[in-house]
Amino acid sequence: MSRRPWARSLRTRLLVLITVTLVGVCAALALTTVLAQRAYLMGTLDDRVNAAAERSVGGAALHPGLPADLAFLREGGHTEGLLAARPDAAGHLVSAAVVTRDAAPRTLSSAQRAALTGIRADGSVHTRTVPGLGTYRVTALDASGIRVLTGLPMDDVRATLGRLVEIEAIVGATGLALAGGVCAVVIRRQLRPLDRVAATAVEVSRVPLGHGHVTALPRVPARDTDPGSEAGQVGAALNRMIDHVEVSLAERRRGEDRMRRFVADASHELRTPLTSIAGYAELMNRVAPDLAWRRVLAESARMTDLVEDLLLLARLDEGRPLQTAEVDLAAVVAEAVWDARAAGADHVWRLELGPDTPAPVTGDVARLHQVVAHLLANARTHTPPGTTVTATVESTAGRHLIRVRDDGPGIPPDLLPTVFERFTRADTSRSRAPGSQGGSGLGLAIAAGITAAHGGGISVTSAPGRTEFTVELPAPARPLCAEPLTPQRAP
């Protein structure tokens, strides 16, 4: 499963990481502050509780004979909410009351007393929740048999801590928002050099390095190649890699140019002696007909065809302009099928053309005829006798299609991806037996080269029982007046 694009962004990951870190730091600081403040407030409250307990014990000592006396609560100066009780030796409350504002102390109910039962008079401070009154910090003292339980409410402590948490939450959220915005701006600015390096790499990746003339590849700007920064190191390394690629491309181009010149020169040099050999062989065959001379004549013709094909490929590689004229593809295909029928009488040849449908193009009529002839020859050579070969011409908006299909055994799957490469043959052996009809493996390469020189393309689909080659050529910008096919030329 592919990851989401935002999860792969370095900018997003950095911003999320910094934000999470800031949130963790702020949370830790806030928790530490709250805990420290709570400890301080609880310590202060416990001191007040102990002071109030000592004062209550002193007031109760004025009446030692009254174990349930709470008269000291009626004295002035007591804090509102002060809770006092007189426990017995077992910890049960004999009497209990709470100080109220502008009124006499109110006696606690049995449920409220039960919440305070069981506290030992050892001076330790406890937290108890008293129904109807809230949470209290209480302690019990025993002074010479005079036992008093005293408590103060924790409402002020809780309110202070609540306000502190609210303030920290507001301040923390505001600080995180500001810090996140600042970090986003800083990260965006700091990663701009890396963005420019990535944009240069994308631009280089779109250059068709595999074919064509590559003049100058884009480079990372000099300001983004500073070795003192990580992005600068990446930019400098990318520029060095591009330099190596350009040098390699230039070397490959020079090697290809040398090879093309060699093939062209060799073809030119071989064509003259081959013509002489063919002429002398034909002369000797006329003077003294013999099978050997006929073989010499056939092989010299075959070698001449090979040299002509190599010379044509060299010219196509050099990009030499072709002769251009107004050509009707329907007429070209019809003539090629007529010639193929004469050469391969053991096959069934069919031509399918739409009525009154011209297929005009601008190009070299001889080369276009050669394309169709190679496709038909390929079908004749690699299919058994009786195979039906059908050639069609279709016209659509802006393009014309030539289709050549047969119902033969098809092209082997491992050979199909390289069928338009040079010297691609079903028979991979380098030798040819006498009388062999196998081709040189250049026919389809020549067809592809001529089609590309006309601005078109060629493709093939193959399966047992159906193999189809499709040639696509662009229609001319203005309509041409195509002459109708003559009946005697159509098979």
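As a basis for the values below, the full set of heavy atoms in this structure was taken, side chains included, without hydrogen atoms, waters or symmetry mates.
When each of Ile18, Val20, Val25 is paired with Leu22, the side chain to side chain contact (heavy atoms under 4.5 Å, CB included) condition holds for Ile18 and for no other. Applying side-chain hydrogen bond (donor to acceptor under 3.5 Å, both in side chains) to Arg403 and the options Thr392, Thr390, Thr470 leaves one that passes, Thr470.
For the pair Arg128 and Ile119, the minimum side-chain heavy-atom distance is below 4.5 Å. Side-chain contact check for Arg86 versus Ile146: some heavy-atom pair is nearer than 4.5 Å. Between Val460 and Leu444 the shortest side-chain heavy-atom distance does not fall below 4.5 Å. Side-chain atoms of Tyr136 and Val98, non-hydrogen and from C-beta on, do get closer than 4.5 Å to each other. In this structure, Thr467 and Thr383 have side chains that are not in contact, with every pair of non-hydrogen atoms separated by 4.5 Å or more. Looking at Leu15 and Arg11, their side chains never come closer than 4.5 Å, going by heavy atoms from C-beta outward. Between Leu176 and Thr19 there is no side-chain heavy-atom pair separated by less than 4.5 Å. Within the 4.5 Å cutoff, no side-chain heavy atoms of Leu329 are placed close to those of Val471.
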Steps toward side chain to side chain contact (heavy atoms under 4.5 Å, CB included) verdict (Leu82, Arg55): CA-CA 12 Å; Leu82 174 66; Arg55 181 180 177 183; over 6 Å; no
I'd like to know whether Arg137 forms a side chain to side chain contact (heavy atoms under 4.5 Å, CB included) with Leu152, so could you lay out the CA-CA distance, the side-chain angles of the two residues, the decisive distance to 0.1 Å, and finally the verdict. CA-CA 6 Å; Arg137 291 287 285 178; Leu152 289 175; 5.7 Å; no
Run the numbers on Ile458 and Leu375 for side chain to side chain contact (heavy atoms under 4.5 Å, CB included), then give the verdict. CA-CA 11 Å; Ile458 186 171; Leu375 295 180; 4.1 Å; yes
Are Met154 and Met42 close enough, and set up right, to give a side chain to side chain contact (heavy atoms under 4.5 Å, CB included), and what steps lead you there? CA-CA 9 Å; Met154 295 179 60; Met42 293 296 292; 3.5 Å; yes
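The shortest heavy-atom contact between Pro474 and Gly455 is CD-O, 3.7 Å. Between Ser124 and Thr139, the closest heavy-atom pair is O-OG1, 3.0 Å. The nearest pair of heavy atoms linking Arg113 to Thr107 is NH2-CG2, 3.5 Å. When all heavy atoms are compared, the tightest approach of Thr387 to Gly408 is CG2-N, 3.8 Å. Listed here is the closest heavy atom pair of Gly235 and Val220: O-CG2, 3.9 Å. Shown here for Asp364 and His454, the closest heavy-atom pair between the two residues is N-NE2, 3.0 Å.
Using a cut-off of 4.0 Å between Lys/Arg side-chain N and Asp/Glu carboxylate O, Arg466 and Glu468 are scored as salt-bridged. Asp243 has a carboxylate O that lies under 4.0 Å from a charged side-chain N of Arg219, or vice versa, which qualifies the two as a salt bridge.
At a cut-off of 3.5 Å, with distance as the only test, no side-chain donor of His92 or Thr117 sits close to an acceptor on the other residue.
Checked by atom type and distance alone, the side chain of Glu472 never pairs as donor or acceptor with a backbone atom of Gly456 at under 3.5 Å. The backbone N or O of Thr150 sits nowhere less than 3.5 Å from a side-chain atom of Ser56 that would complete a donor-acceptor pair.
With values rounded to the nearest 0.5 angstrom, Leu93 atom CG is found 11.5 Å from Arg147 atom CZ.
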